[in-house]
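Since the structure is predicted, the reported quantities are computational estimates derived from the model, not experimental observations. Throughout, a chain's letter reflects where its sequence line sits, starting with A, and its residues are numbered from 1.
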Amino acid sequence: MLVLAYVKNSRTDSAIEAFKRAGDYGFRLSALSCNPMLSSLVKDGKIGVVEFVYKEMIKRRIEPDVCTFNIVINGLCKVGKLQKAEDVVEDMKAWGFSPSVITYNTLIDGYCKMGRAAKMYKADALLKEMESKKIYPNEITFNILIDGFCKDENVSAAMEVFKEMQRQGLKPGVLTYNSLINGLCSSGKLDEALGLRDEMLGAGLKPGIVTYNALINGFSKKKMLKEARELFDDIAKEGLAPSVITFNTLIDANCKAGRMDEAIALRSLMLDSGVCPNVATYNCLIAGFYGEGNTEAARNLLNEMKDKSLESDLVTYNILVDALCKKKESRKAARLLDEMFDVGLGPSHITYNTLMDGYCREGNIRAALNVRTQMEKEGKRANVVTYNVLIKGLCQKGKLEEANGLLNEMLEKGLIPNRTTYEIVREEMLEKGFVPDIEGHIYNISVSS
DNA sequence: CTAGGGTTAG
């Protein structure tokens with residue numbers, strides 16, 4: 001009862017303490033109190049503690065039920081520890097429990113959200129596996145897969161799953177349509193997205209604010225601001241209320257289009273509508289003002305954030321680093337990294353890549369290479385963007401040998417060059433009077449385009 | 001116990 005009470009009052013730490021003490025006294029708790037505790041630990045992302053409690057339960061002979069295993073599997077999936085999650089599935093079988101639809105859904109979602117090649121192949125294989133074991137996928141299974149394929153920029157695969165779902169007699173819901181509409185919007189297929197919205201209306205499903213946000217985002221990314229705004233005005237007509245995300249999407253679109261006055265007007269509208277701007281709102285506006293060189297306005301917004309005690313996040317810092325770099329003040333930007341460590345926001349790959357790009361623009365390749373060393377000391381390995389930045393910098397300095405060396409190095413490390421890599425090298429070759437032979441082959445190196 | 005929308009770099 002004590003453990004449960006603490007969990008219900010969001011005092012997970014005390015719940016853990018009570019759980020430990022119960023063990024010290026030799027009381028054997030049950031899944032009844034352990035499961036909710038595990039759930040809230042998963043929600044808080046405290047996966048280490050989840051693993052501790054799980055092991056402790058086994059040690060103390062507290063009998064887990066199907067939910068216990070599913071909760072632990074979900075926790076491990078959420079932090080990308082898929083291998084460990086699979087191990088728990090084995091534990092579960094050893095205890096005489098068969099993985100349920102929920103177990104499979106959880107695992108499939110884990111693979112879908114994992115950043116690895118062939119992840120969707122693995123997710124699809126799990127679907128086949130569950131079907132072969134006569135555990136039938138439900139609406140949630142299909143929604144997870146559809147969203148996974150959409151996020152993997154494979155809308156056609158998502159559409160196939162959508163059809164399969166209907167073949168199996170399952171009705172797509174608002175979530176299903178939202179995932180597909182979002183996928184289509186992200187790949188610029190706006191007509192098809194609008195078509196699906198109509199289809200969903202025909203099926204008696206009402207588009208929600210998420211549906212509108214996806215559509216507005218689609219039009220915004222295509223710089224079709226008028227259409228985006230019209231959709232925004234439809235929201236009220238449908239009796240829905242725009243969310244922070246609706247406003248942020250539109251504000252960002254206007255900032256990127258250099259329409260700062262409109263962006264600011266939207267923020268006023270936001271305040272009038274009782275929607276509170278968050279860090280992302282400020283980030284969009286600050287990046288917008290820096291983009292048009294209005295340092296003063298950007299500074300004011302930063303101060304405003306402080307007044308509202310809204311904390312700068314990693315993105316805010318990345319914007320500031322970028323702004324300084326673009327002003328050819330990369331040294332100052334470098335000092336910002338120290339501040340980031342101080343406030344407990346460790347620089348990300350983006351931060352380091354941005355700074356390297358800044359040094360390269362100033363022609364200071366040495367400094368850029370030093371940043372790379374610093375980054376790797378932080379345990380962050382150079383990624384494709386890192387190489388792109390450095391290769392570009394070296395090319396512009398005429399240091400082709402070194403650039404080529406880095407290109408080889410990235411290939412040796414198994415990093416796949418992207419379109420930008422290809423364009424940097426191609427441009428360099430053309431300038432030097434070389435003719436790239438066929439698309440995909442540059443300097444005799446095979447490049448995936 | 002499982003599923004959805006926005007923000008930075010290249």
Side-chain angles (χ1 to χ4, degrees), chain A residues 31 35-36 38-39 42 65-75 77-78 100-110 112-113 137-148 150-151 173-183 185-186 208-218 220-221 243-253 255-256 278-288 290 313-323 325-326 347-358 360 383-392 417-421 423-424:
Chain A
N35 287 355
L38 284 167
S39 287
V42 168
D65 60 12
V66 196
C67 296
T68 315
F69 290 108
N70 285 339
I71 297 167
V72 175
I73 291 168
N74 185 34
C77 285
K78 286 276 161 357
S100 66
V101 203
I102 294 181
T103 318
Y104 275 103
N105 288 351
T106 307
L107 283 173
I108 292 175
D109 191 52
C112 284
K113 300 211 163 63
N138 57 19
E139 192 197 327
I140 296 180
T141 321
F142 286 108
N143 285 346
I144 292 169
L145 278 166
I146 289 171
D147 196 59
C150 285
K151 298 265 157 64
V174 180
L175 260 74
T176 323
Y177 280 102
N178 284 349
S179 290
L180 283 167
I181 289 174
N182 187 41
C185 283
S186 308
I209 188 61
V210 177
T211 322
Y212 277 99
N213 287 346
L215 288 166
I216 290 173
N217 185 37
S220 294
K221 293 283 139 64
S243 66
V244 213
I245 295 183
T246 323
F247 281 109
N248 287 352
T249 309
L250 269 181
I251 288 175
D252 187 56
C255 287
K256 290 210 164 69
N278 60 16
V279 205
T281 320
Y282 280 95
N283 287 344
C284 296
L285 290 166
I286 291 168
Y290 274 128
D313 65 1
L314 190 57
V315 178
T316 321
Y317 276 100
N318 286 345
I319 293 167
L320 295 179
V321 168
D322 187 48
C325 286
K326 295 248 163 73
S348 65
H349 272 96
I350 297 182
T351 324
Y352 286 115
N353 289 342
T354 310
L355 182 57
M356 280 181 239
D357 188 47
C360 286
N383 62 19
V384 184
V385 181
T386 317
Y387 281 103
N388 286 350
V389 168
L390 293 174
I391 290 172
K392 190 172 167 192
N418 59 19
R419 214 186 69 247
T420 311
T421 324
E423 278 165 7
I424 293 166

Determine the contact category for [X]: base if any of its heavy atoms lies under 4.0 Å from a base atom, sugar-phosphate if only primed atoms, P, OP1 or OP2 are that close, otherwise nothing.
{"X": "A:T68", "value": "nothing"}
{"X": "A:I102", "value": "base"}
{"X": "A:N278", "value": "base"}
{"X": "A:I71", "value": "sugar-phosphate"}
{"X": "A:N283", "value": "base"}

The criterion is side-chain hydrogen bond (donor to acceptor under 3.5 Å, both in side chains); which residues satisfy it with [X], sequence neighbours excluded?
{"X": "A:D322", "value": "A:K326"}
{"X": "A:D147", "value": "A:K151, A:S179"}
{"X": "A:D357", "value": "A:R361"}
{"X": "A:N105", "value": "A:N138, A:T141"}

>> Please give me every residue in residues 208-218 of chain A whose heavy atoms get under 4.0 Å of an atom in DNA chain B, ordered by residue number.
In response: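 Result for residues 208-218 of chain A: A:I209, A:V210, A:N213, A:N217, sorted by number.
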Please identify each residue that fulfils side-chain contact (heavy atoms from CB on, under 4.5 Å) with A:V279, with sequence neighbours left out.
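Partners of A:V279 by the side-chain contact (heavy atoms from CB on, under 4.5 Å) criterion, ordered by chain and then number, come out as A:N283, A:M305, A:L310, A:D313, A:T316.
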Looking at every heavy atom in both A:G173 and A:T176, which two are closest together, and how far apart are they?
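Looking at all heavy atoms of both residues, the shortest contact is N-OG1, 2.9 Å.
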Checklist line | With sequence neighbours excluded, residues passing salt bridge (charged side-chain N to carboxylate O under 4.0 Å, His left out) with A:K256 | finding: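 Only A:D252 meet the salt bridge (charged side-chain N to carboxylate O under 4.0 Å, His left out) criterion with A:K256.
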Query raised in the report: Looking at residues at least two apart in the chain, or sitting in another chain, which of them share a salt bridge (charged side-chain N to carboxylate O under 4.0 Å, His left out) with A:E423?
Result: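 A:E423 satisfies salt bridge (charged side-chain N to carboxylate O under 4.0 Å, His left out) with A:R419 only.
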Does anyone know the first and last nucleotide of DNA chain B in reach of chain A, 5' to 3', at under 4.0 angstrom to a heavy atom?
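First and last nucleotides in contact are B:dC1 to B:dG10.
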